[in-house]
Amino acid sequence: MNKFIALAIGAVAAVLAVGGSLVPGTEEVLVRVTLDGQPVDAMVVATSANGRTQIAYNEVRQPGLVRLALAPGSHILRVEHGAGFTSAAVERGITVYRGRPLELSVNLTQVFSPAESWGYYSADLHIHSSASWDGFTPPNQLVAVQLAAGLDVGCITDHNTIAGHGPFASAARNRGFPVILSEEITSLDGHWNAFPLNSAVDYSLRKTPSDYFAEARAAGAQLIQACHPMHPLFGYFLLQGRPKYDDTFDLVEIYNGEYSRDDARTIERLYKLWNEGYRYVAVGVSDDHNWRALTTQAGRARTYVLLEGELTVESWLEALGAGRAYASYGPHVNFTAQAGSALPGDTVTLTAGEAFELAAELVLVPRYDQRELRRAWIIRNGEVASEFELVGDRAEISWTDRPTADGWYALAVVADDGDRAHSNPIWVEISGE
Ligand SMILES: [Zn+2]
């Protein structure tokens, strides 16, 4: 027998004898995760005493079973499903001993469901798989990652490729998870996601934004989204005012990844566009590229859409296009007008000076620790019309205006940890104006 093969067999045998683990020097830790008693897709972040972290998800075929390979010693496990949106993360301290695989069970509790309470369903409209040149999440596992984030609709948006669609769609089908197939059209003039796409939109140095939009619509896209539009290098809004700029897109990312200066500048710019009468729909996205990194997390920012009927990709996209949506890092916003008869995206016709009654229910779910709502604002035509100091994790606010000119009203809210949300506008038209 070859000496090296013998050595290799010996090494594998030693590892197996030590604990049956496949990673030398580690033991298998199996975490069984349930949500209110039912096995659920989950993310587990293990932090060892020396500060090293390891992130694991269940396999897409096996919800509720998360496997980690951890070195002997003490670790903190953080177990999440929809953390910060529907249930709080749970932490457990464990000690791993050499030669002893460990198994533990963690039950999470659903705190709030915007779908069950209000009919709002979420998706993360900008997320990459390993089909992207800079992505790491295998397309089939992207399904488990999005289910673990507690998203109701899945999505895939790789840079200039639909190569991940096959494995992503088939894993989703097996799990009964509705998914939107897309692509991040990535050009020198800007980046756009198109929903849905039945075929690829290819990159070419010769194509203009209008060429890409036309090609995306021909490939089935009902909605085109301007991605990170104020990014200093890849922001499409930087092209505004130039002949190449095409304003016939539909959605604007106001939150991309962790909230940043670019997002704040996008919101300022979007307020101007809303004032000019463009009815672009504001969305929140993670732009996550790597399921094993915590720099961004799938669903960290997301978009909730209000459905009147059954949840399908078609009904979700149609309601999104109508503006029945809020973007969020955690706070939930049920924003209405005229005693619930008008919703975001609607236009209410009033006579000049007639009462316009706005109301909102706000709900905040703990992410890691208990947290509270801090402040909400009703924004009228880009300016703060009314500010509300909030306490606790639930609030109801109301405010009445008597508009004399056409305009729009939206609601913004922030929590004590900086997590925020923004509704889409309810529009007002003054009759006879
Ligand atoms: Zn991009």
Side-chain angles (χ1 to χ4, degrees), residues 123-137 139 142 145-146 149 151 154-165 168 180-197 200-205 207-213 215-216 219 221 223-240 242 244-267 269-270 280-291 293-303 320 327 329:
D124 179 350
L125 292 170
H126 190 156
I127 189 159
H128 297 267
S129 80
S130 54
S132 285
W133 65 269
D134 57 354
F136 294 89
T137 315
L142 191 61
V145 167
Q146 294 186 42
L151 295 160
C155 189
I156 183 168
T157 61
D158 287 308
H159 293 291
N160 292 337
T161 179
I162 61 166
H165 284 195
F168 179 73
I180 303 166
L181 300 178
S182 177
E183 177 189 314
E184 183 176 8
I185 302 165
T186 307
S187 82
L188 296 176
D189 293 319
H191 297 185
W192 310 275
N193 291 349
F195 309 110
L197 281 183
V201 175
D202 294 321
Y203 173 74
S204 154
L205 205 53
K207 289 182 186 169
T208 63
S210 300
D211 295 332
Y212 285 116
F213 294 0
E215 211 175 303
L223 300 172
I224 293 173
Q225 173 170 308
C227 303
H228 41 75
M230 290 299 283
H231 187 285
L233 298 176
F234 315 119
Y236 183 48
F237 282 0
L238 308 183
L239 218 64
Q240 277 177 354
R242 307 247 299 273
K244 248 193 201 176
Y245 182 75
D246 182 329
D247 64 10
T248 64
F249 54 95
D250 309 281
L251 314 174
V252 172
E253 289 181 2
I254 61 163
Y255 303 147
N256 177 292
E258 293 296 331
Y259 188 69
S260 70
R261 184 76 202 114
D262 290 353
D263 297 319
R265 291 165 63 221
T266 300
I267 292 168
R269 191 66 70 97
L270 182 58
Y280 297 127
V281 177
V283 298
V285 306
S286 73
D287 203 355
D288 184 45
H289 285 70
N290 187 354
W291 62 325
L294 281 178
T295 42
T296 58
Q297 199 176 319
R300 172 69 183 110
R302 61 184 67 182
T303 310
L320 174 66
Y329 287 98

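Note that ligands are numbered from 1 as they come in the structure, with each ligand's atoms numbered from 1 the same way.
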Under 3.5 Å, is there a donor-acceptor pair linking the side chains of D263 and T266?
no
For the Zn ion (ligand 1), what is the closest N, O or S atom on H191?
ND1
Would H128 and N290 count as having a side-chain donor-acceptor pair, cut-off 3.5 Å?
no
Are a donor atom and an acceptor atom from the side chains of D287 and H126 found within less than 3.5 Å of each other?
yes
Measuring to the Zn ion (ligand 1), does E184 have an N/O/S atom at a distance below 2.8 Å?
yes
Closer than 2.8 Å to the Zn ion (ligand 1), do we get an N, O or S atom from C227, backbone or side chain?
no
Parallel, tilted or perpendicular for Y280 and F249, by the 30°/60° rule?
parallel
Under 2.8 Å from the Zn ion (ligand 1), is there any N, O or S atom belonging to H228?
yes
